[in-house]
Amino acid sequence: MKRTDRGELGPVQYRTLLSSFIGWMFDGYETSTLILVGGAAVASLTTITEANDIRVMVGTALGSTLMGWAIGGVVGSIVADYVGRKRMLMIAIGGYCAFTALTALSQSVTMLVALRFLTGVFLGSEWSTGTALVAETWPRSARAKALGVMQSGYGFGFFLAAALWLCIQPLAGPEGWRWMFIIGVLPAIALLYIRRRLPESKLWEQSVADDEGAAHGKRKFTVWALFQDPIARRRLIATLILAAITVSVFYGASALIGPYVGSLAAREGLNPAKWASISALIYNAGAIVGYISAGFLADWIGRKRYMALTFAGSMVSGVLIFVMPPGLNIALACIFVLGCFTLGVFSWMPIYLPELFATKVRSTASGLVFNMARLVAFPLPILTAFLFSNLGGFQPTILCLTALYAGSLVTLCFLPETKDMPLPT
């Protein structure tokens, strides 16, 4: 057991981190699976062959997932502040396992879109619950690092999906995409571990015990409590702007990377599908670097400086993509950098959001920010397809998307620094 300046790291902390990491890893797996296999799934469920039409259908399925994620995430994060982090985490993992299994049985594009919406409902519930649980369990000196590692689970999930698709695609034929969703059922195994070994957040239990309204069955609705507090309301609006930009840029960019790299590979006489999958691996390898380094950077230079550095880096990575010469190897190198920033940037949310809001509304606030951003972003995969056509291709579209981070840098000026401060009670 390792001693820290504000507490201890022992089995409880590591079990909490592992369970949240597993849940978030399979969230990443689920989301990226649809990005990777969407074209194959649509092609097997419809007779349409026009590339632009297929792209729009895949975008619609992605948009449906995002909308379900937004709705379920908001509801689930609120419920977690009432019933506890552990119970909500189990509900979230069980739900998305069930609907992922049903997705594998889709018989039409409509059925696929509907099931992805329902899967998204439970996907959205997991992140804010796991974030609150880790933040409230780990000591101050190690909290940011633990949350950066937790966030990296998404990258490992994306990496796992890309690696599996690279193996399954040439072996399973046109219906191979179904196996990808069947594999997504594996997190159900984690439920047994969570039920037996994962403790409830002591901070949450103490907060409920200290709440006089809860003791008399008159606890104030958490969303209403957030908007009644002027400081919390201001922080909520500012971080929602940051999250909307973060989510929008990622989903817009990620839908374009595979097809672009595939086209470059085809020009060089290589297998386009194989290299599109490799590009996803490289993009997420960059993201994992961004995720894990985030906690160390945030503890070293402060939360706001870390965030400003990452937002600016995202803009620079867009410029890098725009000016890069055509060629497969240089494109993959630039995509690695793009992943470090435009996907690795997501770590600001689990690190920073829990430090802005009190325990009794922490999950609600984190969930509202993280998931309401998807109500803004859910049309992006669809709109990006049209942007791609109007702007003239991959490079100018990426530049346009990453330029949105200028708004993040401005918004950041209105938020406080929280480094070395205890969690609000």
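Proximity of a side-chain donor or acceptor of Thr402 to a complementary backbone N or O of Leu399 within less than 3.5 Å is detected. In this structure a side-chain-to-backbone donor-acceptor pair under 3.5 Å is missing from Glu126 to Ile93. Side chain of Ser363 to main chain of Ser77: a donor-acceptor pair is present (N/O by atom type, distance under 3.5 Å, no hydrogens or angles). A donor-acceptor contact shorter than 3.5 Å is absent between the side chain of Ser64 and the backbone of Thr60. At least one donor-acceptor pair closer than 3.5 Å links the side chain of Gln395 to the backbone N or O of Phe322. Between the side chain of Ser20 and the backbone N or O of Leu17, no donor-acceptor pair lies under 3.5 Å. Panel note: side chain Glu136, backbone Leu203; no donor-acceptor pair is recorded below 3.5 Å. Of the possible donor and acceptor atoms, one in the side chain of Tyr96 sits under 3.5 Å from a partner among the backbone N and O of Gly23.
Between the side chains of Trp179 and Gln169, no donor-acceptor pair is found at a separation under 3.5 Å. With 3.5 Å as the limit, one finds no donor-acceptor pair spanning the side chains of Trp127 and Asp27. For the 3.5 Å distance criterion, the side chains of Glu30 and Thr119 fail to qualify, holding no donor opposite an acceptor. Checking Thr359 against Trp204 by side-chain atom types alone, no donor-acceptor pair falls below 3.5 Å. Judged by distance alone, the side chains of Asp81 and Thr364 do bring a donor and an acceptor atom under 3.5 Å apart. No side-chain N or O of Ser152 forms a donor-acceptor pair with one of Trp24 less than 3.5 Å apart. Side-chain N/O atoms of Thr342 and Tyr283 include a donor and acceptor closer than 3.5 Å.
Nearest heavy-atom pair, Leu115 versus Ser106, reported as atom, atom and distance to 0.1 Å: CD1-OG, 3.7 Å. Shown here for Phe122 and Ile91, the closest heavy-atom pair between the two residues is CD2-O, 3.7 Å. Residue Leu89 comes nearest to Thr129 through the heavy atom pair N-CG2, 3.7 Å, listed as atom of the first residue, atom of the second, then distance. The minimum heavy-atom distance between Leu45 and Gln107, with the atom names listed, is CD2-C, 3.7 Å. In plain terms, the two heavy atoms of Met180 and Ala161 that are nearest each other are CE-O, 3.2 Å. When all heavy atoms of Ala104 and Ile182 are compared, the closest pair comes out as CB-CG1, 3.7 Å.
Atom CG of Leu401 is separated from atom CG of Leu338 by 9.5 Å, given to the nearest 0.5 angstrom. Separating the CG atom in Leu62 from the CH2 atom in Trp69 is a distance of 11.0 Å, to the nearest 0.5 Å. Remark: Leu353 CG to Leu242 CG distance equals 9.0 Å, nearest 0.5 Å. A distance of 12.5 Å separates CG in Leu240 from CZ in Phe370, rounded to the nearest 0.5 Å. Put simply, CG on Leu160 and OG on Ser32 are 8.0 Å apart, with the number rounded to the nearest 0.5 Å. In this structure, the separation between CG on Leu343 and OG on Ser317 is 11.0 Å, given to the nearest 0.5 Å.
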Test log, rule side chain to side chain contact (heavy atoms under 4.5 Å, CB included), inputs Leu423 and Arg362: CA-CA 10 Å; Leu423 290 176; Arg362 181 168 293 121; 3.5 Å; yes

Carefully, step by step, assess Thr246 and Trp348 under the rule side chain to side chain donor-acceptor pair (under 3.5 Å). CA-CA 10 Å; Thr246 300; Trp348 77 260; 3.1 Å; yes

Between Arg85 and Glu200, does a salt bridge (charged side-chain N to carboxylate O under 4.0 Å, His left out) hold up when you go through it step by step? CA-CA 6 Å; Arg85 311 335 188 181; Glu200 184 54 86; 5.2 Å; no

Take Phe250 and Phe346, measure what ring pair (Phe, Tyr, Trp, His ring centres under 6.0 Å) needs, and give me the verdict at the end. CA-CA 9 Å; Phe250 162 64; Phe346 273 79; 5.6 Å; yes

Hey, mind stepping through Lys419 and Glu355 against salt bridge (charged side-chain N to carboxylate O under 4.0 Å, His left out) and telling me if it holds? CA-CA 9 Å; Lys419 181 178 180 288; Glu355 298 178 345; over 6 Å; no

Report the C-alpha separation of Leu409 and Met315 in whole Å, then their side-chain angles, then the decisive distance to 0.1 Å, and conclude whether the side chain to side chain contact (heavy atoms under 4.5 Å, CB included) test is met. CA-CA 11 Å; Leu409 291 172; Met315 296 175 69; 4.0 Å; yes

Test side chain to side chain contact (heavy atoms under 4.5 Å, CB included) on Phe156 and Asn284; report intermediate values, then the result. CA-CA 7 Å; Phe156 281 106; Asn284 283 277; over 6 Å; no

Criterion side chain to side chain contact (heavy atoms under 4.5 Å, CB included) on Met90 and Arg87, from CA distance to verdict: CA-CA 5 Å; Met90 291 175 62; Arg87 188 178 300 173; 5.8 Å; no

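Annotation: side chain of Tyr251 is in contact with side chain of Thr31 (closest heavy-atom distance under 4.5 Å). Contact check for Leu198 versus Thr16: side-chain heavy atoms found under the 4.5 Å cut-off. Two residues are said to be in side-chain contact when any heavy atoms from C-beta on lie closer than 4.5 Å; Ser366 and Met349 fail this criterion. Within the 4.5 Å cutoff, side-chain heavy atoms of Ser279 are placed close to those of Leu332. Annotation: side chain of Trp300 is not in contact with side chain of Phe296 (no heavy-atom distance under 4.5 Å). Side-chain contact between Phe158 and Thr33: absent, with no pair of heavy atoms (C-beta onward) separated by less than 4.5 Å. At a threshold of 4.5 Å between non-hydrogen side-chain atoms, the residues Arg143 and Ile351 do not count as touching. Taking 4.5 Å as the limit, every side-chain heavy atom of Thr103 sits out of range of all side-chain heavy atoms of Met111.
In Leu102, the CG atom is crowded: over 12 heavy atoms of neighbouring residues, nucleotides or ligands sit closer than 6.0 Å. In Tyr82, the OH atom is crowded: over 12 heavy atoms of neighbouring residues, nucleotides or ligands sit closer than 6.0 Å. Within 6.0 Å of the CZ atom in Arg15, the count of heavy atoms belonging to other residues, nucleotides or ligands exceeds 12. Environment of NZ in Lys274: sparse, with no more than 12 heavy atoms of neighbouring residues, nucleotides or ligands closer than 6.0 Å. Surrounding CZ of Phe221 are more than 12 heavy atoms belonging to other residues, nucleotides or ligands, all under 6.0 Å away. Counted within 6.0 Å of CE on Met372, heavy atoms from surrounding residues, nucleotides or ligands total 12 or fewer; the atom is thus considered open.
Relative ring orientation between Tyr29 and Phe26 is described as tilted, the plane-to-plane angle lying within the 30° to 60° band. By the 30° and 60° cut-offs, the orientation of the rings of Tyr14 relative to Trp138 is perpendicular. Aromatic ring orientation, Phe311 versus Tyr405: parallel (interplanar angle below 30°, classes split at 30° and 60°).
In this structure, Tyr260 has its ring center under 6.0 Å from that of Phe394.
The only member of Ile282, Leu164, Leu281 that meets side chain to side chain contact (heavy atoms under 4.5 Å, CB included) when paired with Phe159 is Leu281.
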